[in-house]
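I have placed the structure first, in the form of C-alpha cells, so that the comments after it can refer back to it.
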Amino acid sequence: MMNQYTREDIIRLVEEEDVEFIRLQFVDIYGNLKNMAVTTSQLEKVLNNQCTFDGAAIEGFADPKKYQLFLAPDLDTFTIFPWRPQQGKVARFICDVKKADGTPFKCDSRYILKKVMKEAEEMGYTFNVGPECEFFLFDMDENGEPTTSTQEKGGYFDVGPLDLGENARREIVLFLEDMGFEIENSFHAGEIAQHEVDFKYDNALCTADNIMTFKMVVRTVAKRHGFHGTFMPKPSVNLHGSGMHLSMSLMKDGKNVFSDENAENGISELAYQFMAGILEHVEGLTLLANPIINSYKRLVPGYRAPVSVDWSETDRDALVRLTSVGGDGALVELRSPDGAANPYLLLAACLACGLEGIKKQLKPQKEGASTKKLPTSLESAILEFEKDSFIQEVLGKHICTRVLEAKKEEWNEYCHQVSQWEKDRYLLLV
C-alpha cells in the first residue's frame, strides 16, 4: 500500500531524510519508464505542477499543438531509492502528464486507467489486482553486454548453490520493502535463471505503479550483482517463458463481490459476468497484454502458456482461472499477459471489459466449450485490436493510432529480417 502524503509531509520528509535529488517519473504509451531529475531547490515548483518537458521528445506523445507538457506528481508515490547514497538521497514521484491548462494529456496511460477506475467507482466498485511477475537473471559478457547465458541449474523453489540468483533476489525484496511494498513471497521459478517475486494486491493504479517500480528495481539490483534482469517473454527457444499473471477482484463496501458464500464453489454470478466480459474482448486485448514480437514465442503449445480462449476452475494452464482458493476470496486470473505490457493500459482495458460484462450480464461459454484461439503473432493481434471498437474507445483515438502505427512498423521490420534459423535451414538446401 502506498502512503497517504500531504504537501507538508513531502516538504518535511525531504528535509528530514536529506533528499538532494528528485526524479519525476512517467510512462510513455508503450509502458517504458521515463524520468526527469531536479534538485530539491525546485521542490516548490515540483509540488505546484510546474515542471515541464518537451512532449515531442517522447515517442507516441508528439502532438503539434502540445509540445510543452507538465508533470504533476502523485504525492502518495514519493519514495526514496534505497540503493543510492544515504547522504544527499535520491527520491522519486510517479507523475501524471498534464496540459498547460491543468487538464489530463490524452496520451497519458495513467490517466486512461484513472478514467476507467472512476467509472467503476461510480458503480460502487474498487478494482484490486495482484500481479505475478516472472523474470530472468542472465549473465553479462566480458564487455558488460547482456546475454541469455547462465551458469546455474536451478528449478522451482531450489536453493543455492543451484540457485545462483538468491542473493540478488534477496536484495530485490529488501529494497522493495524499504520502498513500501508488502512482499508475499519470492522464489526461484521453473526455468534455469528464472525468478518470481509476488507482492500484495492493491487497487489497480497502485498495482500499475508498483509493476513499473518493481521492474526498475529488478534491473537495478541485477546489474549490481553482475546479472542482466529481463522481463522478455521468451528469451530462449527451449525455455518456458516469463508471464505476468493478473489476479483481479472487485470490492464493494469492503467486501469482495466475486465471492459468494452461498454458492457451492464460493464464486458469485458477478465474477462470471466480469470474466465473460474479458473473454468477449480477449483477442482484441491481446495486443495490450502481449505487445511485442517475442510475446508470441511464449504463447505456444507445450510450455504451460495459454493458447485457447477458454476458462477453468481447475485447469491451472487455462487462459482465465476462476478460483476461490486462498484468503483473498474469489479471483479472476488472466494468465496471458507478459512483462512487456504497459500495465496502465492493460488494466484499464481489463477493467472496462469486465464492467461491460457486468452491465450486459454476460455469461461465459461452458467451461472447455470454446474453440477460439488467441492471436498467434503480433500481426494477428493487430488485426484483432483493429476489429475491437470497444477497447479502442476505452483507450482513445490518439493512443490507438500511435500504438497501431508503431506495432505495424515493428511487424514490417521483423518480416524483413533474415534469422539465423533461416540461414541454418535453407542456405545449403536451396
Side-chain angles (χ1 to χ4, degrees), residues 112-130 201 203-205 207 245-289 306 308-315 318-326 328-337 345-375 384-385 387-396:
I112 300 298
L113 177 55
K114 281 184 170 182
K115 185 175 66 170
V116 184
M117 289 175 67
K118 186 175 181 182
E119 181 187 342
E121 191 178 317
E122 290 168 355
M123 295 172 66
Y125 301 126
T126 299
F127 183 43
N128 283 347
V129 184
Y201 73 88
N203 75 71
L205 185 66
T207 295
H245 304 170
L246 302 174
S247 294
M248 300 172 276
S249 63
L250 288 180
M251 306 295 288
K252 190 171 190 176
D253 300 326
K255 294 182 179 179
N256 180 356
V257 297
F258 287 178
S259 297
D260 182 356
E261 59 187 22
N262 297 317
E264 185 178 344
N265 60 2
I267 300 169
S268 71
E269 192 64 29
L270 209 72
Y272 285 97
Q273 293 171 356
F274 187 92
M275 178 179 71
I278 289 178
L279 289 171
E280 181 84 5
H281 293 280
V282 75
E283 293 103 316
L285 195 70
T286 299
L287 185 64
L288 303 177
S308 299
V309 179
D310 209 350
W311 67 277
S312 178
E313 291 182 33
T314 55
D315 182 3
L319 170 64
V320 179
R321 287 183 65 215
L322 197 53
T323 175
S324 60
V325 177
D328 299 327
L331 298 169
V332 173
E333 181 188 22
L334 181 64
R335 298 184 59 260
S336 57
L345 297 185
L346 175 58
L347 293 183
C350 285
L351 176 56
C353 293
L355 294 178
E356 186 77 356
I358 291 173
K359 291 174 190 173
K360 293 183 174 181
Q361 297 185 330
L362 296 180
K363 293 183 182 294
Q365 282 187 285
K366 186 179 178 181
E367 182 177 346
S370 174
T371 58
K372 295 195 293 184
K373 301 291 185 183
L374 286 175
E384 292 293 343
F385 183 84
K387 289 192 290 187
D388 198 315
S389 57
F390 176 77
I391 291 180
Q392 291 186 53
E393 186 178 342
V394 171
L395 302 188

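Computed from a prediction, not measured in an experiment: that's the story for all the values here.
Summarising the geometry of L246 relative to P337, their closest heavy-atom pair is CD1-CG, 4.1 Å, with the distance given to 0.1 Å. The two residues L347 and F127 come nearest to each other via the heavy atoms O-CE2, 3.8 Å. Taking each heavy atom of L319 and P306 in turn, the nearest pair found is CA-CB, 3.6 Å. Nearest heavy atoms, I358 versus M123: CG2-CE, 4.4 Å.
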Inset, instruction - Applying salt bridge (charged side-chain N to carboxylate O under 4.0 Å, His left out), run through K387 and E384 and close with a yes or a no. - result: CA-CA 5 Å; K387 289 192 290 187; E384 292 293 343; 3.4 Å; yes

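Checked by atom type and distance alone, the side chain of T323 never pairs as donor or acceptor with a backbone atom of L331 at under 3.5 Å. Although no hydrogens or angles enter the test, the distance criterion places a donor-acceptor pair under 3.5 Å between the side chain of N256 and the main chain of A330. S324 contributes a side-chain N or O that, together with a main-chain N or O of N265, makes up a donor-acceptor pair within less than 3.5 Å. Under a 3.5 Å cut-off, the side chain of W311 and the backbone N or O of A276 do not form any donor-acceptor pair.
In K359, the NZ atom is crowded: over 12 heavy atoms of neighbouring residues, nucleotides or ligands sit closer than 6.0 Å. Enclosure of atom CD in Q361 is not indicated, since only 12 or fewer non-hydrogen atoms of other residues, nucleotides or ligands lie within 6.0 angstrom.
Here CG of L288 is found 6.5 Å from CD1 of I391. Values are rounded to the nearest 0.5 Å. Interatomic distance, CG of N128 versus OG1 of T207, reported as 7.0 Å (0.5 Å rounding). Atoms CD1 and CG, on I112 and L346 in that order, are 14.0 Å from each other to the nearest 0.5 Å. Note: D260 CG to K255 NZ = 11.5 Å, rounded to the nearest 0.5 Å. With rounding to the nearest 0.5 Å, the separation of CG in L334 from CE in M248 is 5.0 Å. With rounding to the nearest 0.5 Å, the separation of OG in S308 from NZ in K372 is 11.5 Å.
For the salt bridge (Lys or Arg N to Asp or Glu O under 4.0 Å) criterion with R321, the lone passing option out of E367, E313, E333 is E333.
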